[in-house]
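A quick note: this is a predicted structure, and the numbers were derived from the prediction, not measured. Below, all heavy atoms of this structure are taken into account, side chains as well, without hydrogens, waters or symmetry copies. Lettering follows sequence order; numbering is per chain, from 1.
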Amino acid sequence: MQEIKPLLKTTIAEALNRLGVAELPEIIVQETPPGKEGDYGTPVAMGLARVLRKAPPLIATEIAERLTLPAWVRRTFVTGGYLNFELEPAFLAQTASQPLEPLTPQPGKVLLEHTSVNPNKELHVGHLRNICLGDSLARILRFAGREVEVMNYIDDTGRQAAESLYALEHFGLGDSEGDQKYDHFAGEAYVRLHQEMQDPEKKTTIEHGVQETLHRLERGELRGAVERILRAQLETMYRLGAEYDALVWESDIVREGLLEKAMQALEGTPYVHRPTEGKYAGAFVMDMSPFIPGLEDPYLVLIRSNGTSTYTAKDIALQFWKMGLLGGVKFKPYDTQPSGHALYSSAPEGQPMGFGAATETINVVDARQSHALRIVQASLEVEGRPDLAQHCFHLAYETVLLEGQQMSGRKGITVSVDEVLDEAVRRARAIIAEKNPEHPSPETAAEAIGVGAVRFAMIKSEAKKQIDFRYEQALSFEGDTGPYVQYAFARACSILRKAEEQGLGGEAPDFSQATAYELELAKVLLRFRETVQEAARAKAPHLLAQYLLDLAAAWNTYYNAKTPEGKPATVVLGAPEGLRGLRLGLVRSLQRTLQLGLGLVGLQAPEVM
RNA sequence: GCGCCUGUAGCUCAGUGGAUAGAGCGUUCGCCUCCGGAGCGAAAGGCCACAGGUUCGAGUCCUGUCAGGCGCGCCA
């Protein structure tokens, strides 16, 4: 499937040269609006009106006269200031029927971090958006030719992990083997601990225990206990379709001395100090004012006066490692993920591997932490590497409300991802039982559809828009939803299956028989490639999700099209020979494109629903 | 106080400076003797928050105002 717009742009540029236009303007080629004549058009003449001191229609005509048209352009015409192109229908149909060529590999390596959930309780819907966004973006970037390394950061030395582990011990639950998923089990202990901390007397004891647990965590003594929670969380992530290349544990970053090395590196710059008096006496601080203007207080504490490091310091060390300023983390194989792809984990007993040292990083983190990430980015400038800072991207997403309310772990206003997925699959199962009782594998399909609905709901809007998670909306299977796209795919599969049964699979297409109905579908198909590239460039998976809705809608419209007399206009299998071959070819292309596109946003494509 | 983000149909949202601002949900009315009705068609519903500006052209860019969300610790 080649791209038509770039070819037209080149053709127009040549004509402009012949016209004597010295400085070529940006040439925009767009589809003509529905109902308008022609297939593609350009407004380039309007921008040239002032330079050439002529009326736009006249300029458009002069450009048209100097075009060296490819054989597949049937005619050009001027309307308003626009120069429009009408293409040979056979060419459009044929181009849209051809398989997509792979996109060209791009240099450099992207390190994309997402998920990074505290290993202390089950995932809730707030984590959903992060995982779906990050995983979809990774898939899109890879398809667009980027080398991508997906990393999930495990904060195993944080207070949250310590509280859960201490709670399990404190309540004597450490070794219990309930039938409950272990992350939920640990989460309940965590919540119970917080309830008990309401009591000031108990709080002192608990605080003591948590501190002690924190130290044991830092020494790496409780790794097994953390892993048990992590493994349970990974089940949920896998169920969502998310996979990773490497888990990086905070305790390993610290143990490998990356924190010290990062601080030493910064110490060599003029921007870090150890004040001996004043507010920051005894602390290790960094002056951010040259890099972030308008700060009230330019100083940022990296090491507290009591010797402990701040979160920012650890984040800076991690970022330095990601961009190759620090080495030394070792890895070992950790898991085989559902797709068969190996997952590695940092580990003291591991081997040096090629992770890290990326030319570009993407951190999928909610927008509330924009300031913190800005500081991490600026620390690269402090270190004298503005070139690296420039390739440090924060994919910021707004928070997820739950039925209009701000979520809160402590107040119990939250819903777990497992719970949401179970409910979605339950609903999908019920609909399959109702609509397709003969379904050959209802369980597999229900899983694909239920999970797909949730995942699609998480990525169909722009990341910077706050979204409200509502059951009725996120678990809907009608309208602008994942199952709508999946349904369009299943429908195409159904036709292709029947074609094979009837021995029509090899019928040759006669592209000259293409009708206006085919052309509408073909033009949407031809947008796929540029859409993926734009989604990758803008790091915006929602662009692809929106396109898939467009493509599915175009296909459904085509499928239901009727002649003015009300007769079916676009029957595939019952069409005359040649036209049938053409239609089968288009349906095959549509089916492939939907499958590919669904895969890029992390949805399965069930052949039967 | 300073900074970032958002404001488009009753609701939820699309909309690389270009042609008549589009979907879904909801409402009303139609469409399976056509390959899957989780679908399709039609109707109704818009001072694109407001005011200036830039431009041949602004929902889109700039400035200001208003409204909402979030951030600005030797917390994690």
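Contact annotation for A:Thr481: no contact, since no heavy-atom pair falls under 4.0 Å across all strands. Counting any heavy atom pair closer than 4.0 Å across all strands shown, A:Lys36 reaches a base atom. A:Lys562 comes within 4.0 angstrom of a base, heavy atoms only. No contact: A:Gly81 has no heavy atom under 4.0 Å from any strand. If you check every strand for non-hydrogen atoms under 4.0 Å, A:Glu462 touches sugar and phosphate atoms only. When heavy atoms are screened at a 4.0 angstrom cut-off, A:Val285 is found touching no nucleic acid atom at all. Nucleic acid contact class of A:Ile432 (heavy atoms, under 4.0 Å, all strands): base.
In RNA chain B, consecutive stretches of 3 or more Watson-Crick or G-U wobble pairs with both distances under 3.5 Å are given as paired ranges: B:1-7 with B:66-72, B:10-13 with B:22-25, B:27-31 with B:39-43, B:49-53 with B:61-65.
B:rG10 sits 13 Å from B:rC50 when the P atoms are compared, rounded to a whole Å. Comparing B:rG57 with B:rG18, their C1' atoms sit 7 Å apart, to the nearest whole Å. Comparing B:rU63 with B:rG22, their P atoms sit 29 Å apart, to the nearest whole Å.
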- Note on the structure: Given protein heavy atoms under 4.0 Å, the one-letter contact record of nucleotides 67-76 of chain B, with B base, S sugar-phosphate only and - none, is simply --SSSS-BSB

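In B:rC32 the base sits syn relative to the sugar, since the glycosidic angle is no further than 90° from 0.
Residues of residues 441-458 of chain A that place a heavy atom closer than 4.0 Å to RNA chain B, in numerical order, are A:Ile449.
Taking the ring centre of A:Tyr547 as origin, the terminal cationic atom of A:Arg527 falls outside the region bounded by 6.0 Å and 45° from the ring axis. In this structure, A:Lys539 satisfies the cation-pi test against A:Phe393, with its NZ or CZ atom closer than 6.0 Å to the six-membered ring centre and inside 45 degrees of the ring normal.
Checked by atom type, the side-chain pair A:Arg455/A:Ser136 shows a donor-acceptor distance below 3.5 Å.
Rounded to an integer number of Å, the gap from CG of A:Asn560 to C1' of B:rG37 is 8 Å.
Contact of A:Asn84 with B:rA19 (side chain to base): a donor-acceptor pair of N or O atoms is detected under 3.5 Å.
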